[in-house]
Every structure is written in structure tokens, then in C-alpha cells.
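Lettering follows sequence order; numbering is per chain, from 1. The basis for the numbers below is simple: all heavy atoms, side chains too, and nothing from hydrogens, waters or symmetry mates.
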Amino acid sequence: MDIFITGLGAISTIGNNVDEIYASLLAEKTGIRKGTLDHSMKYHVGEVPLSNEGLMEHFKLKTKGSRTALLGMVAAKEAFQGHQLMDEVRTGLISGTSVGGMDITEEEYRNYLKTETFDAEKYKHHPSGTTTEQMAEELGITGFVNTISTACSSAANAIMMGARLIRSNQLDRVVVGGTDSLTHFTISGFRSLMIFDPEWCRPFDETRKGLNLGEGAGYIVLESEKSLQLTGKTPLAKLTGWSNASDAYHQTASSPEGNGAVLAMTKALSVAHLQPTDIDYINAHGTATPNNDSSESKAFINVFEGKVPPFSSTKAYTGHTLAACGGIEAVIAVLSIQNNVLFPNLNHTTPIEETGLIPVKQITRIENVRNVLSNSFGFGGNNSSLIFSKL
Amino acid sequence: MSELKENLKAQIIEQLNLEDLTPSDIKNEAPLFGDEGLGLDSIDALEFIVLLDVNYGIKISDPSDAREIFHSIDSLASFIESQK
Amino acid sequence: MYYIHAIQSMNNSDVFKQEDIHQKLVEVSENPTLVTPDFKTYIAPTALRRLSPILRMGITLAKEVQAAVDQPFDAISVGTGLGCLTDTEKFLNVIYTVEGDVLSPTAFIQSTHNTIAGQISLDLGNHSYNMTHTQNNLSFEMALIDGMLCCEEGSKNVLVGAADESIEFLNKLKPSVFDSETLFTTSATFLAISADKMESSIAILACKTIANAAEISVETNAFLAAFGLSLEQINCFVLNTNELETPANSEVFHIDDQLGFNQSSSAFAVHVAHDFLKSSTKEFALIVNRSSNNYLGLILLKNDKTHN
């Protein structure tokens, strides 16, 4: 059964919507710079330049929520624009997030540590599930509303879950993706892991030092063929392959050979009924940590038997947006297919010595981008691969 | 030096929640990491960096530099001495 | 129909490795404490030293369920409403109280919701599908829907479960945040499901979640009607609401009486219903899980020991 993509929406430091993001990608323009908030100013981060009030006003949001929920609403609404709710089309929302309403919780908890007083109401925004419920309210979606939280693979897993529910005829149409705001909690967390690059991150570069964090959201709309007939929407691309596998190696680190990544990519190819040679571009997880990029590179060599297709990480544009990255990068994969363009891996100069792999380094137009593989790997060895295909 | 080593053992037990161990269970020369020794891992290495910062004021900015330093109680103690 | 091949729980009642738990429930006390086995018999000391209660429960229950079914799980699907709260709170304390350039990373690493499922895969050396759902008190239902979907797609032996832990701070927030006067408790339930019957006789027929649900009786009747059933044919109800009028001759368990407030309570409700059906010749049990904001979860269990 074909799973069609009929809507795209994204917000990140390189743009408030898909068009702006596409323009930044083509201009090879990063959005990563010195942070502007108390907890981000020491670091290079990919902040969305609008405040919460700014987001609500600029995008005319009706529902209140955490920053994570607001970013999610913006991107999900863009993806769902032009779609109508109708009884005959069973419509769901599946969203990935790792921090949920932590942006509000952390402020409140800091206040509690100082004063031992608290405003219980503020904690209502905390649960990740509530983030999605607030988005559902904004979109008017009732019925199936679910949240996936598998750290940095959350959005990819939400997309996969939506596709599987459509294939199993439990849903006809589903808005899927992920959202995460930049929080003091996550900035401190990655600082404690000592995997920040103090400068601009350099994915797949021998000299890479670590990642830059970002924030944002990315959603796509998936529909069955039956749904297309009822909604009358024009499909943009198809989602043909997906898989999740567990590395089962370490709490945070990937196995040196990327075993979980190999399993995820191999199984996604098999779900899509594709051969490795059918993949024209890989949008890598490529966080620019020493461990991820080495492990992912070796997994590429393994899966593609040495003939690794053009690949790049777009995280040097957006920063690592954690639970949102699989959603934003799903949008980027569809842009690649629609425009037959491969996006560069910014800041790359020296290939990783051990693998010698060289990513796409400038905007590259090719005759036909048929299939794009998109990887998202999370803490706990949670490895997911999606395959997007031309109609 | 031997007092430093005993202090280190107690601090390691506390920082890494090794509640079933006593300082006498940790041999000065035995490897701390891997299955041969205490079975510590890369998360513990980061905790060691915190321990050195908090207790000895020693800064290590790149965990991969620290592999040899963290090999054993002996190597940790010599490193701390060398920083004085 | 997905058969339950092993099921284990841990909470404030003495239920771990017990049979007929529906007869062993105690009312939640003023000061509920988690009844646990000696975790050292399940988890290596090098791993155990870091683990919060929710992780200890998850790993131990998964291992016990894995031991009861011979084949390694070919999918793992876990639900949690609030995730790893102990480590989340611990790390919030670290970031706001520790001065200095370096921070202890352990609590952060273990604060993400998928630490439970991730640690299970790590401990079992399991490379299969590994998913974590978090939809407030419907998190278990979401994990179960995913697990059943895995079975539909060909998985033979799927681990499904849910876990939530209480921290003292949570009790300060009620009733305003969770619309509940009862105490927060810690609870987890894990089960193995499969489309193959083998020796099992208790199966999950269906699981449904509804956002923005209409009246509970309307939704429940519609759910049952799809299986040609009505409320009168349900022998056992495990629920967290008084809004459903249950038939006079049915067995009714109000799960909050035993568990207090726990967002994984519907997983434990499945365990109660499972043991009730297993020890009887009754045929159907229904779990009704409502939340304050009109979200509703329904799970239907069938005993085909004496029926076909």
C-alpha cells in the first residue's frame, strides 16, 4: 500500500516555514550563532528568533502552551494547511518530543528551589503528551492523538508509527513529525556529556568536536490512497521505507560499527522493496559528535558495500533539534526529491581518516532524486531510518 | 600519596554510587574500566572529570584525553600529584 | 486476538511473581511504598548502582517476562506518562545548584522517557524494534496498540509494558495538575503478547483510544458493538471512573483504590483482568481508563479457555 505525503511544515533557525528553509538551504546559510538567552549565550545554537508571544502573534495561534507546543503548532499547521477535517477521513496526530513542557517546568522549578513556592498550574504543560494534546486542540484533530519520546529519533519514529497505522487501515490520514524547544535542561545535559563544539559544528569532518543544539519543529501529512480520493490533495512524494532497531550497546554511545544503524537502514530498504543502489541521497543523522559520525559512516560503508551514495548532514544549518530533527529532515528529504537537489554538509574540510568518506559539499543538482534515506539516531541506541520516494 | 589514594577510593565510591564496595575492594594498580577491573564505562569517565574538578580543582576539557589518567587509582593519584 | 503469555507487575501491593493478584490487592495507604524483590538478583551491580526505581522495575519485569517466554522478544513497546521523574528532578537540581564548569551527566542521560525501553534492550542484548509512547494516562494503551501492530506485521513475541514513578514533588502539585485527590504511586506492568495461542487462554481482543471522547457509556457501547457485544456480556470491569454504570452481576475493580494515581494504571488493570479471567470460567473483561480532559482508553480481554 502506498503512503502519500500531502503536506509539509517546518520551523527552525533557518526559516519560519518551508519556503524560507528551502531558501536558506540553497543559499548555504547556517542559522547557528551565539545564543541570546541566559542559558544559551555561551554556546553556538540554532534558536528560532521569535519569543513565545512572538510565535503566538505572528502565527495567530489560539491555544496556549509550552514553547515546544507552540513550535509544534506552527509547523503542524503549515503542514495541515488546505486540509479539511471530515468524518469519513480518520485523521490522527502523532508527535515526537523529548522535552515537552520543560521550558516552563525548569523556570518554575528554579523558582521553587529559591523560594520554596510554586505555581502548580504551570506544571500542567510539563507532560510530553500534553504538548501533543495542545497541538491537537489547535489543529482541531480528535480521535487518535499520540506522542513518541525516543530522544533524537522521536520524530522519525512518529512518522513511522503514522505510516504503519495507515497501512494497517487504522487511520486514513495522519500529521506526523516532532518538536523540541531549546531548554536550559538540554543545554546543561549536553554540556555534562562534553559533546558541544564551542564553534560551528563540522559533521563528518576529521576535526569535528561535537554538536550545536537547535530548536524547531517539522511535520508532514501522510495519507492513504482512499484518503486522497476524499481530500483531493495532490501528493508531493511517498514514504516507502521505515525501520527502527536497537543498538543495545551503550546508554549514550553508538557501537563502533554502527550495528543498530545497519539494521535500521537494511530493514528500511527491505520495507521499501529497494536495493542500496536505488538510494540517490542520504540525509544523515550526522550530529558532528566524534562517536556518531564515525559509527554512522561505518554503517554506510557496510550497508552500501563501499559504494556510499551522496550524503550530508544538514545539522550544520539547523543545529541538532533533538526530537524534531527527524521531522525537519523529512521535509528536507521531500524538498530534495521535489527539486532534484542535494543539500551540502556545511563546514566540511577534512574527511574522517578512518573511512575517507566525503559528504556533499555544495548545492548539487542531479537529474533525478528518486529515493532519499533519512537517518535519526537517539540515546539508548534507538536507531531509525526512513525512505522517501518520488511519486 | 597513600592518603590521597584512600581519599580517591572513597570519593569514587560516592560519586559513582558503588555502594556495595569498600575502599579496600579497590586495588591501587587494578584497571578501573572494562570487565577486567571495576567495570566502569564512559559515563563514569565523565563522572571522574566532575570528581577531579570538584575535589581537586583540576580541569579536563576533553574526555578522550583522560583514558590513561583514569586507568587505575595509581595513575589517577600520580596525575593529581603532577598537577599540584 | 493477541494472547498474553506472561505478565508481571510491581507496585504498592505485593504482586510481583504472584498469581491471582485480583485477590491480593490492598488499598493504597497514606504512605504507599513500592514492594520490590531484591533487585541484585536481576540486575548486575555495575548497572544497578545508577538506576532509579522506574528503571529497576522496568528491567526486572522485562527479564522476568522474558524468562517465562523462551524466544527473545522481536519488538519492545513501552508506555510512560511522566517518564523518569527521579532523574529529571535530580538533574534540575544539578543545573540550578552546582557551581563550576562540569556537571554530572548520569541523571541527564537517564532522564529521557526512552531510558526504560533502552535499558531493557541493553540488558537483554535485544536489537529489535524499540519504542516509547507517552500520552499521559493513555501511554500504556499506545504502547499496546503499537505492540499489537507489531504482531500484525509478523512479530511473534512482543514485550509491551508501562511504568510510572512517583516523586515527592508530584504530590505537592495535586489536585490542580492531575485532577486527582489520591496519592501518586509507583507502578509498572510488563507482558508478552503474541498472535499464537500456545498455552495461553487469555487474549487481548482490542484496544482503542479516543481523544475528545463523548459520554463514556456511548463510546463504550460503540466499542463493544464492533465485536457484537454489549455491556451486559462483560463479566469483569477494571476502571478508574464512576461514570460507567456496570451490570449488577459483574465483578468491578476500581483500580485507583489500590494504585492511587498512576499514569500507567491501565497496564496494571490488564494484569488484574487477566488474573480474574484466568482463575474463572468467565469470558470477557473490559478496562475503562478515562482522563480528566476527555481522553479515553478501552481494552477488551477474552478468556477462550472454555469458549470458542
At a heavy-atom distance under 4.5 Å, which candidate from A:Thr105, A:Thr147, A:Ile148 has the highest pair count against chain C? A:Thr147
Do A:Ser243 and C:Tyr129 touch side chain to side chain, with heavy atoms closer than 4.5 Å? no
Hey, is NZ on C:Lys63 packed in by over 12 heavy atoms from elsewhere, all under 6.0 Å? yes
In sequence, state the C-alpha distance, the side-chain angles, and the governing distance for A:Ser98 and C:His113, and then conclude on side-chain contact (heavy atoms from CB on, under 4.5 Å). CA-CA 7 Å; A:Ser98 69; C:His113 286 52; over 6 Å; no
Heavy-atom distance under 4.5 Å between the side chains of C:Ile210 and A:Phe144, does that happen here? no
Toward chain C, the part of A:His184 with a non-hydrogen atom under 4.5 Å: both
Applying a strict 4.5 Å limit to non-hydrogen atoms, the region of C:Ser111 in contact with chain A is side chain
Minimum-distance pair of heavy atoms, taken over all atoms of A:Ala248 and C:Ser121: CB-O, 3.6 Å
Going by residue number, which parts of residues 143-159 of chain C are within reach of chain A, meaning a heavy-atom gap below 4.5 Å? C:Ile145, C:Asp146, C:Leu149, C:Cys150, C:Glu152, C:Glu153
Quick check on A:Asn382 against chain C: is it the side chain, the backbone, both or neither that has a heavy atom closer than 4.5 Å? side chain
Minimum heavy-atom separation for A:Ser149 to C:Asn114, with atom names? O-CB, 3.4 Å
Any idea which heavy atoms bring C:Ile109 and A:Gln251 closest together, and the distance? CG2-CB, 4.0 Å
Taking all non-hydrogen atoms of both residues, which atom of A:Arg191 and which atom of C:Asp101 are closest, and how far apart? NH1-O, 2.8 Å
So with a 6.0 Å cut-off around NZ of A:Lys267, is the heavy-atom count from everything else above 12? no
Just so I understand: if I count every heavy-atom pair under 4.5 Å between each of A:Ala120, A:Gly96, A:Gly378 and chain C, which residue has the most? A:Ala120
Heavy-atom distances under 4.5 Å only: say whether C:Gln110 touches chain A with side chain, backbone, both or neither. side chain
For C:Asn130, does its backbone N or O pair with a side-chain atom of A:Asn244 as donor and acceptor, under 3.5 Å? yes
Which of A:Lys122, A:Glu137, A:His250 touches chain C most, by non-hydrogen pairs under 4.5 Å: A:His250
Might you confirm whether atom CE of A:Met41 has over 12 heavy atoms from other residues, nucleotides or ligands at distances under 6.0 Å? no
So do the side chains of C:His133 and A:Met161 get within less than 4.5 Å of each other, counting heavy atoms only? yes
Which one, C:Thr80, C:Thr112, C:Asn93, leads in non-hydrogen pairs under 4.5 Å with chain A? C:Asn93
If you tally heavy-atom pairs under 4.5 Å against chain A, which of C:Leu92, C:Asn212, C:Ile76 wins? C:Leu92
Do C:Asn136 and A:Thr130 meet the criterion of a side-chain donor-acceptor pair at a distance under 3.5 Å? yes
Of the non-hydrogen atoms in C:Thr88 and A:Met102, which two are nearest, and what is the gap between them? CG2-CE, 3.6 Å
Side chain, backbone, both or neither: which part of A:Tyr249 has a non-hydrogen atom closer than 4.5 Å to chain C? backbone
So that I know where these two stand, are A:Tyr109 and C:Tyr96 an aromatic pair - ring centroids less than 6.0 Å apart? no
Measuring from atom OG of A:Ser192 to atom CD1 of C:Ile95, what distance do you get when rounded to the nearest 0.5 angstrom? 10.0 Å
Ranking A:Ala151, A:Gly143, A:Gly92, A:Gly380 by heavy-atom pairs under 4.5 Å to chain C gives rank one to A:Gly143
If every non-hydrogen atom of C:Phe108 is compared with every non-hydrogen atom of A:Thr186, which pair is closest and at what distance? CE1-CA, 4.2 Å
At a heavy-atom separation under 4.5 Å, does C:Lys172 approach chain A through its side chain, its backbone, both, or neither? both
Kindly compute the distance separating CD (C:Gln135) from CG (A:Asn146), expressed to the nearest 0.5 Å. 5.5 Å
Where does C:Thr134 contact chain A at under 4.5 Å (heavy atoms): side chain, backbone, both or neither? both
Report yes if some heavy atom in the side chain of C:Tyr295 is under 4.5 Å from a heavy atom in the side chain of A:Val145; otherwise report no. yes
Using a cut-off of under 4.5 Å on heavy-atom pairs, state which of C:Ala117, C:Pro105, C:Gly83, C:Gly118 scores highest against chain A. C:Pro105
Is A:Leu113 close to chain C through its backbone or its side chain, or both, or neither, when contacts mean heavy atoms under 4.5 Å? side chain
So, A:Asp247 and C:His127: side-chain donor and acceptor under 3.5 Å apart, yes or no? no
Only pairs of heavy atoms separated by less than 4.5 Å count here; which of A:Leu93, A:Ile187, A:Asn157 has the most with chain C? A:Asn157
Apply side chain to side chain donor-acceptor pair (under 3.5 Å) to C:Asn293 and list each qualifying residue two or more places apart in sequence or on a separate chain. A:Glu133, C:Ser291
A side-chain contact here means heavy atoms from C-beta on lying under 4.5 Å apart; do C:Leu82 and A:Pro127 qualify? yes
Given that the side chain runs from C-beta out, which part of A:Thr132 has a heavy atom under 4.5 Å from chain C: side chain, backbone, both or neither? side chain
For A:Ile141, is it the side chain, the backbone, both, or neither that has a heavy atom closer than 4.5 Å to a heavy atom of chain C? neither
